[in-house]
Amino acid sequence: MSKVTSIEFANLMRETISEGTVLLKNDDALPLKQDDVVSIFGRCQINFYKSGTGSGGSVNVEYTTNLLDSLEASEFAKINEKLADIYRNWVKENPYDNAGGGWAMEPDSQKEMILSDEIIEDARSVSNKAIIVIGRTAGEDKDNRLEAGSLKLTDDELQMMEKVSKYFEKTIVILNTANIIDMSWLYTLENPPAAVMYAWQGGMEGGNGIADVLCGKMSPSGKLTDTIALSFEDYPSTRLYGRKDFCVYEEDIYVGYRYFETFCPEKVAFEFGYGLTYSKFHISFEPVKIIYEQNLSDSKKNNIQFLVTGFVKNTGDFPCKEVVQIYMQPPQGKLGKPSKVLCGFYKTPVLNSDETCMFEIKFDQTRLASYDDTGITGCKSAFVLEEGDYVFFGGNSVRNVNRLDVECRNEIKDSFHVEKCTVVEQLEEALAPSSSFNVLKPLEQKEDGTYEQCFVPAHKRSYELETRIKSNIPKLIPRTGNININLHDVTFTEQDGKPSLDDFIGQLSIEELACLTRGEGMCNPRVTHGTASAFGGLSDNLCSMGIPAGCTSDGPSGIRMDSGEKATQVPIGTMLACTWNPEIVEKLFTFEGKEINGYNIDVLLGPGMNIHRNPINGRNFEYFSEDPLLTGIMAGSVSKGLANEGVFATLKHFCCNNQETGRLVSDSVVSERALREIYLKGFEIAIKEFGAKSVMTSYNKINGFWGASNYDLTTTILRKQWHFDGMVMSDWWSSINDVMTGGDACLKNMENMVRAQNDVYMCVPNNGAFFNVNKDTVAESVENGKLYVSELQRAARNICKFLMSTKAFERNQEYSEPVFDILPFDEYSNEYKVKEFSDKSCMKVAAGKECFFKIEEDGEFRLVARIMSTMPISAQSVTNIFINETKVGTVQTNGTQGAWATIVVSRIILKQGIYRISAEDVKPGIVIDFIEVRE
Ligand code: BGC
């Protein structure tokens with residue numbers, strides 16, 4: 001029995017897995033039947049991946065499940081045990097290779113067992129079906145590659161497929177992958193497999209969930225959230241992918257199915273939205289109802305709603321769910337548009353054979369609108385409906401759809417007609433690129449309905465950022481000095497005599513304001529051990545004024561605590577999205593929220609929600625889809641689920657973190673239209689429609705400005721245009737450049753971050769916020785007039801307001817540094833008396849090593865370590881330090897690029913006697929020069 005994960009949570013994960021599993025092909029091989037006997041091939045039946053790697057995969061789980069064990073345990077399946085033993089022994093002799101476990105070191109795939117004909121023949125003689133498991137991983141700082149062993153199969157894997165399918169008529173391929181992989185083998189194998197399914201990585205219940213599906217306890221009902229092209233070279237973003245200096249998004253808004261359906265549908269192997277179940281469905285549609293909603297106070301805000309209703313009938317004989325998908329085809333107009341755009345969807349409940357359900361899908365005109373960044377329609381910087389016919393399609397994939405009738409003012413038509421270009425939302429130009437480049441646009445329509453491609457210059461920024469920033473400096477909150485207002489006294493409703501948040505902020509000194517903008521971490525001792533950061537009340541004074549220290553933790557698929565505490569790991573983002581079921585995702589994250597609460601964590605660093613621009617991206621597993629609507633709804637559902645338990649989701653990485661290669665330095669060069677329609681859209685939906693309150697900016701630059709110092713991103717768009725009123729944090733140790741002119745990175749110039757309204761810098765070393773150990777120039781900039789106090793107050797206000805809505809505000813937060821009181825060994829053991837002792841001022845303790853020291857006199861000491869890491873700046877390494885059996889500290893560092901730092905590990909009380917000190921790596925990479933016991 002798990003102590004951490006309840007049966008209900010585990011069962012919900014299993015259900016989610018069945019809903020997110022995508023069945024691509026099934027020639028009567030699945031579900032397994034009572035009398036089937038199965039031979040399972042491929043090492044990943046045992047080394048079944050639970051997630052990708054990096055911060056998004058590092059959950060310490062209490063248990064995990066693999067396919068072999070789960071199938072064995074299932075009452076439905078009979079397994080070829082002899083083959084299972086062969087694999088078990090082989091895996092024992094050829095253990096999983098994680099390349100030492102260091103940051104971003106784990107290989108994308110593992111060596112496979114070479115199969116002799118004899119083994120397979122033997123297997124065939126005792127079983128009638130074969131399962132082949134192919135596993136792949138990817139992760140943070142580690143993109144996949146378009147090569148064998150990564151997105152392509154290795155020769156050994158191909159041989160395994162060839163040989164197994166020679167002997168077995170019914171071979172089932174299970175893809176236990178972080179990402180979609182190249183599927184060309186499906187078309188080149190002499191005997192292609194009878195069934196293929198994406199099992200993704202289902203977290204700790206992954207094995208059980210997939211076993212449920214294989215055995216027919218549940219039907220798969222997942223649908224692809226990405227287009228699988230015949231050749232991965234065909235994705236328009238592949239050409240320039242992975243450049244470290246800058247990456248031009250030349251395909252513009254034509255990402256995924258928007259590209260393939262418009263220009264080259266013949267290049268698609270499996271289309272967006274596709275996925276089989278064990279049953280069959282008939283979907284019927286009523287005409288789409290157009291509902292005009294008049295806004296009596298402002299006719300410019302008149303709204304149009306679209307209501308799609310119909311029926312789904314299970315015409316097969318297996319109980320399961322189906323997804324209804326609605327697409328629209330806008331007129332090409334002057335802007336040029338994709339041939340299909342997803343504008344709504346609905347997942348049915350489980351329908352039994354012959355059972356029917358009604359559905360209702362409602363969306364408004366914003367789902368149909370395109371952004372005019374050039375002014376070509378006459379409505380510059382606005383979301384518009386260009387004149388022409390908007391055609392609707394309904395079905396169960398972007399391809400398998402029928403054209404829908406439209407009922408408008410009691411008349412049935414074949415489309416929704418817009419008379420003249422209409423502004424849906426007037427904005428102002430923001431985040432536009434300043435460099436010249438060309439972007440893709442459809443040209444002539446060809447006979448087959450697709451379009452010729454052409455490239456046109458992207459619109460360049462036509463406003464002065466400096467003027468914009470300077471003309472929007474906030475008003476100063478009168479400065480009063482400390483007048484004894486505690487944050488707990490503050491009220492948001494005007495009440496006689498009660499202080500407002502502004503009154504509170506007015507008390508803070510420049511140093512206090514600056515301190516608030518610095519988060520500390522990782523593994524900060526003020527908050528739950530082993531988590532990502534603490535922020536807010538990080539000095540004694542700020543604490544005494546009632547500002548709590550908030551706690552953040554990775555995310556997204558469970559709580560990461562490098563101290564070794566256990567937590568639940570849910571399925572990866574892609575799998576969640578493939579459910580097309582926002583309700584189940586919300587429910588799952590309500591459970592997750594409860595667990596997070598139990599650990600006194602306030603903010604989860606997730607969901608990751610960057611667009612799947614290219615299958616190579618190592619962090620696609622954390623993200624949802626190539627489509628922004630689906631992405632926004634899924635991220636919103638995660639946020640809503642956590643909010644049900646008072647926990648905050650952090651939408652990350654804002655925005656265009658679409659490659660891991662060069663992620664800290666690369667400039668994503670994107671048109672404003674593509675930003676608005678694709679890369680920002682999901683964030684906009686999660687914020688406006690689901691009320692998300694915390695955002696993490698991305699490591700990369702977006703049109704010349706790093707995410708953490710990008711004024712248009714975090715002020716003009718996020719706050720002014722979307723009315724976001726939460727808190728923004730940077731990614732960990734991220735770069736900053738000049739908020740007005742861009743240019744090179746300078747970490748110290750954090751005033752640029754404050755000015756952009758990226759409220760908190762994550763992170764400075766522990767105990768470093770108050771002492772400003774990074775020597776940032778925020779306070780100095782106020783003195784020399786480069787930054788206004790009011791800008792600092794604005795950041796402080798955002799942070800305090802956010803903290804007031806967290807559970808941290810309710811917690812008793814008397815912070816006192818933990819002191820470990822440890823008994824010497826010689827009180828209960830003689831064996832240590834024979835050891836050699838180190839000088840306690842210079843103990844050489846490396847991971848996995850131990851040494852002994854003697855304390856001559858009882859006393860209180862400090863444990864200090866000199867550490868460094870030669871790894872890149874964003875690489876995270878963690879080591880736990882033990883004295884005797886007691887864990888006295890978790891030492892964490894990012895890459896220091898060779899520079900040494902001396903850090904305090906903890907305070908200890910020791911008595912006269914003998915002690916052992918040892919270190920144990922959680923994530924290798926820290927080099928410890930020495931550890932010292934200081935008086
Ligand atoms: C990642 C973030 C993560 C943070 C803290 C960064 O390297 O990009 O997604 O939340 O580290 O672990």
Side-chain angles (χ1 to χ4, degrees), residues 51-60 102-104 138-143 519-524 527-535 550-563 567 572-573 596 601-610 617-624 635 638 642 648-666 668 683 694-701 706-708 727-735 758 760-766 869 871-878 890 892-896 922-923 925:
S51 86
T53 60
S55 63
S58 307
V59 184
N60 291 311
W103 184 257
E140 186 170 351
D141 261 328
K142 196 158 193 317
D143 280 329
E520 285 180 1
M522 305 171 79
C523 303
N524 188 284
V527 293
T528 305
H529 289 178
T531 54
S533 73
F535 67 99
C551 175
T552 78
S553 150
D554 281 313
S557 67
I559 313 170
R560 168 184 174 197
M561 288 172 287
D562 285 341
S563 52
I572 60 170
I596 293 174
I601 294 164
D602 308 294
V603 181
L604 184 74
L605 301 175
M609 54 180 301
N610 296 89
N617 186 10
R619 292 186 90 171
N620 276 352
F621 79 94
E622 294 183 52
Y623 309 151
F624 298 115
V638 170
L642 292 175
F648 288 88
T650 303
L651 312 180
K652 71 185 188 185
H653 308 88
F654 193 49
C655 70
C656 293
N657 190 169
N658 299 106
Q659 60 179 50
E660 286 300 292
T661 311
R663 65 179 175 150
L664 302 184
V665 287
S666 179
S668 300
F683 290 94
S694 167
V695 168
M696 183 195 294
T697 50
S698 58
Y699 274 134
N700 50 286
K701 288 186 250 180
W706 263 284
M727 185 186 78
V728 180
M729 66 184 83
S730 74
D731 201 342
W732 268 231
W733 318 289
S734 94
S735 295
N758 182 117
V760 183
Y761 186 76
M762 296 294 190
C763 21
V764 305
N766 295 332
S869 155
M871 297 172 85
I873 191 156
S874 63
Q876 303 173 10
S877 332
V878 187
T890 302
Q892 191 281 344
T893 185
N894 58 319
T896 64
V922 179
K923 199 66 90 202

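Predicted model, so just to flag it, every value in this text is computed and none were measured. For ligands, and for the atoms within them, numbers begin at 1 and follow the listed sequence. Residue numbers run from 1 in the order of the sequence given.
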Any idea which atoms of ligand 1 are less than 4.0 Å away from a heavy-atom of [X]?
{"X": "L605", "result": "10 (O)"}
{"X": "W732", "result": "4 (C), 5 (C), 11 (O)"}
{"X": "M696", "result": "10 (O)"}
{"X": "M522", "result": "12 (O)"}
{"X": "R619", "result": "1 (C), 2 (C), 8 (O), 9 (O)"}
{"X": "R560", "result": "12 (O)"}
{"X": "R663", "result": "7 (O), 8 (O)"}

Could you tell me whether some N/O pair between H653 and ligand 1 is separated by less than 3.5 angstrom?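 Yes: some nitrogen or oxygen of H653 is under 3.5 Å from one in ligand 1.
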Among all the protein's non-hydrogen atoms, which is closest to [atom], and how far away is it?
{"atom": "atom 10 (O) of ligand 1", "answer": "D554 OD1, 2.6 Å"}
{"atom": "atom 11 (O) of ligand 1", "answer": "Q876 NE2, 3.0 Å"}
{"atom": "atom 7 (O) of ligand 1", "answer": "E140 OE2, 2.5 Å"}

Structural part of [X] in contact with ligand 1, heavy atom criterion under 4.0 angstrom:
{"X": "K652", "answer": "side chain"}
{"X": "M729", "answer": "neither"}
{"X": "E660", "answer": "neither"}

Within less than 4.0 angstrom of ligand 1, does Y699 place any heavy atom?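 For ligand 1, residue contact (heavy atoms, under 4.0 Å) with Y699 is present.
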Taking NZ, NE, NH1 and NH2 as the nitrogens, is one of them in K652 or D554 under 4.0 Å from a carboxylate oxygen of the other?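 Result for this pair is yes, salt bridge flagged.
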Would you mind telling me which of N700, N657, D141 makes a side chain to side chain donor-acceptor pair (under 3.5 Å) with R663?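 Answer after filtering N700, N657, D141: D141.
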Side-chain heavy atoms of [X] within contact of [Y], under 4.5 Å:
{"X": "K923", "Y": "D562", "result": "no"}
{"X": "S557", "Y": "F621", "result": "no"}
{"X": "K701", "Y": "W706", "result": "yes"}
{"X": "S55", "Y": "R619", "result": "yes"}

Does the side chain of D143 pick up a donor-acceptor pair with the side chain of T661 at under 3.5 Å?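 Judged by distance alone, the side chains do pair up.
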Taking only residues two or more places apart in sequence, or in another chain, which ones meet Q892 in a side chain to side chain donor-acceptor pair (under 3.5 Å)?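 Counting only residues at least two positions away or on another chain, Q892 forms no side chain to side chain donor-acceptor pair (under 3.5 Å).
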Sequence-distant partners of S694, side chain to side chain donor-acceptor pair (under 3.5 Å), two or more places apart: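 Here the qualifying residues are T650.
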Given the rule in the side-chain hydrogen bond (donor to acceptor under 3.5 Å, both in side chains) test, do N766 and N524 qualify, once you have shown the distances and angles that lead to the verdict? CA-CA 6 Å; N766 295 332; N524 188 284; 3.0 Å; yes
Looking at non-hydrogen atoms alone, which of I873, N894, L604, D731 comes nearest to atom 6 (C) of ligand 1?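 Among I873, N894, L604, D731, the closest heavy atom to atom 6 (C) of ligand 1 comes from D731.
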